[in-house]
Student: 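So that we are looking at the same thing, I have put the structure below in structure tokens.
These numbers were taken from a predicted model, which means no experiment stands behind them.
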Amino acid sequence: MYSLNVNTVTNAQRGVKTLKRYGIYATISRAKSSVRLKGCGYTVNFEYNDLDFVLNLFNTSGIDVLGVDVI
């Protein structure tokens, strides 16, 4: 499972909608306090084999990914 850090709830919602279009189930959660200090307020959590594909989707949708965690 991956967790992509984004800075706003709007970007997190856009990310979930983008993944849904490709049949990828995702959830939003509030980032841990240590991550929020770096400017990341929310995470988009999902299970999918091809992280590069997902990062490309976010990039082409104009969603800045501030960090990636494997959970």
Side-chain angles (χ1 to χ4, degrees):
M1 179 175 250
Y2 291 102
S3 179
L4 303 182
N5 302 315
V6 297
N7 57 345
T8 66
V9 69
T10 302
N11 277 341
Q13 291 167 336
R14 288 175 55 214
V16 167
K17 287 180 184 177
T18 299
L19 294 176
K20 185 177 181 179
R21 278 188 238 125
Y22 287 87
I24 303 169
Y25 175 76
T27 60
I28 298 171
S29 61
R30 190 83 166 113
K32 297 177 186 175
S33 61
S34 61
V35 176
R36 283 196 301 249
L37 294 175
K38 298 177 186 175
C40 309
Y42 294 87
T43 62
V44 177
N45 310 299
F46 63 94
E47 286 189 51
Y48 193 68
N49 303 17
D50 192 350
L51 178 61
D52 290 332
F53 175 74
V54 172
L55 292 173
N56 186 49
L57 287 177
F58 274 56
N59 185 46
T60 58
S61 298
I63 302 168
D64 292 329
V65 175
L66 304 175
V68 178
D69 295 312
V70 178
I71 52 175

Student: Which pairs of donor and acceptor atoms, one on a side chain in residues 53-68, lie under 3.5 Å apart (sequence neighbours left out)?
Tutor:
{"residue": "Thr60", "atom": "OG1", "partner": "Asn56", "partner atom": "O", "Å": "3.1"}
{"residue": "Thr60", "atom": "OG1", "partner": "Leu57", "partner atom": "O", "Å": "3.1"}
{"residue": "Ser61", "atom": "OG", "partner": "Leu57", "partner atom": "O", "Å": "2.9"}

Student: Flag yes if Met1 and Leu51 sit in one hydrophobic cluster, no otherwise; membership is Ile, Leu, Val, Met, Phe, Trp, Tyr, and two members link when side-chain heavy atoms are under 4.5 Å apart.
Tutor: no
Student: Honestly curious: do Ile28 and Ile71 fall in one hydrophobic cluster under the side-chain, below-4.5 Å linking rule?
Tutor: no
Student: Let me confirm one number: the CG-CZ distance from Asn11 to Arg14, rounded to the nearest 0.5 Å.
Tutor: 5.0 Å
Student: Please round to the nearest 0.5 Å and tell me the distance separating atom CD1 of Ile24 and atom CD of Glu47.
Tutor: 11.5 Å
Student: Checking Ser29 now: which residues fulfil side-chain hydrogen bond (donor to acceptor under 3.5 Å, both in side chains) with it, not counting sequence neighbours?
Tutor: Thr43, Asn45
Student: Which other residues belong to the hydrophobic cluster containing Tyr25, where Ile, Leu, Val, Met, Phe, Trp and Tyr are joined when side-chain heavy atoms lie under 4.5 Å apart, directly or via other members?
Tutor: none
Student: So which atom in Ala26 and which in Leu19 form the shortest heavy-atom distance, rounded to 0.1 Å?
Tutor: CB-CD1, 3.7 Å
Student: Measuring only between side-chain heavy atoms, which start at C-beta, is Val44 closer than 4.5 Å to Val16?
Tutor: yes
